[in-house]
Amino acid sequence: MNTYELTNMIIDDDFDSEEYVTVEFTHDHLNYSITFKKADLEIINSWEFKDGVSLPANLSDSLVEAIREEVKKRI
């Protein structure tokens with residue numbers, strides 16, 4: 001069972017050089033966003049949204065891997 005819920009996924013494929021996938025999700029009642037390079041799903045950035053502020057997210061490797069695998073299935 002997932003400990004997170006994907007709420008939105010945006011595939012940006014209109015860039016000249018790179019394509020990106022941004023995934024928004026909830027985990028432990030907080031909202032997060034991770035942006036991956038579409039080609040190899042390398043993390044570009046990750047954010048936690050709390051009280052109207054975005055902060056760099058500190059996510060576990062296992063959570064990131066689970067989200068990465070779900071993104072692979074969806075694209």
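All figures in this text were calculated on a predicted structure; none of them were measured in a lab.
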*asked:* Apply side chain to side chain contact (heavy atoms under 4.5 Å, CB included) to residues Thr35 and Val21 and explain how you reach the verdict.
replied: CA-CA 6 Å; Thr35 300; Val21 177; over 6 Å; no
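- For the atom pair Ile67 CD1 and Met9 CE, the distance stands at 12.0 Å (nearest 0.5 Å).
- Within the 3.5 Å criterion, the main-chain N or O of Leu30 finds no donor-acceptor partner in the side chain of Asp28.
- Separating the CD atom in Glu48 from the CG atom in Leu55 is a distance of 6.0 Å, to the nearest 0.5 Å.
- One finds the CG atom of Leu59 at 7.5 Å from the CD1 atom of Ile43 (value rounded to the nearest 0.5 Å).
- Heavy atoms only, all atoms of each residue included: Arg68 and Leu41 are closest at NE-O, 2.9 Å.
- At least one side-chain heavy atom of Lys37 sits less than 4.5 Å from a side-chain heavy atom of Ile44.
- In this structure, Asp51 places its CG atom where only 12 or fewer heavy-atom neighbours from other residues, nucleotides or ligands lie under 6.0 Å away.
- A 4.5 Å side-chain heavy-atom check between Lys38 and Ile75 finds at least one atom pair inside the cut-off.
- A salt bridge links Arg74 with Glu70: at least one charged nitrogen is closer than 4.0 Å to a carboxylate oxygen.
- Counting only residues at least two apart or on different chains, the ring pair (Phe, Tyr, Trp, His ring centres under 6.0 Å) pairs with a member in residues 27-64 are Phe25-Tyr32.
- The CD1 atom of Ile11 lies 10.0 Å from the OG1 atom of Thr22; values are rounded to the nearest 0.5 Å.
- When the side-chain contact (heavy atoms from CB on, under 4.5 Å) test is applied to Asn8, the partners found at least two apart in sequence or on another chain are Ile10, Glu24.
- Within the model, atoms OG of Ser46 and CG of Leu63 stand 10.0 Å from one another, a figure rounded to the nearest 0.5 Å.
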*side chain to side chain contact (heavy atoms under 4.5 Å, CB included) evaluation trace for Ile34 with Asn45*: CA-CA 6 Å; Ile34 299 177; Asn45 59 47; over 6 Å; no
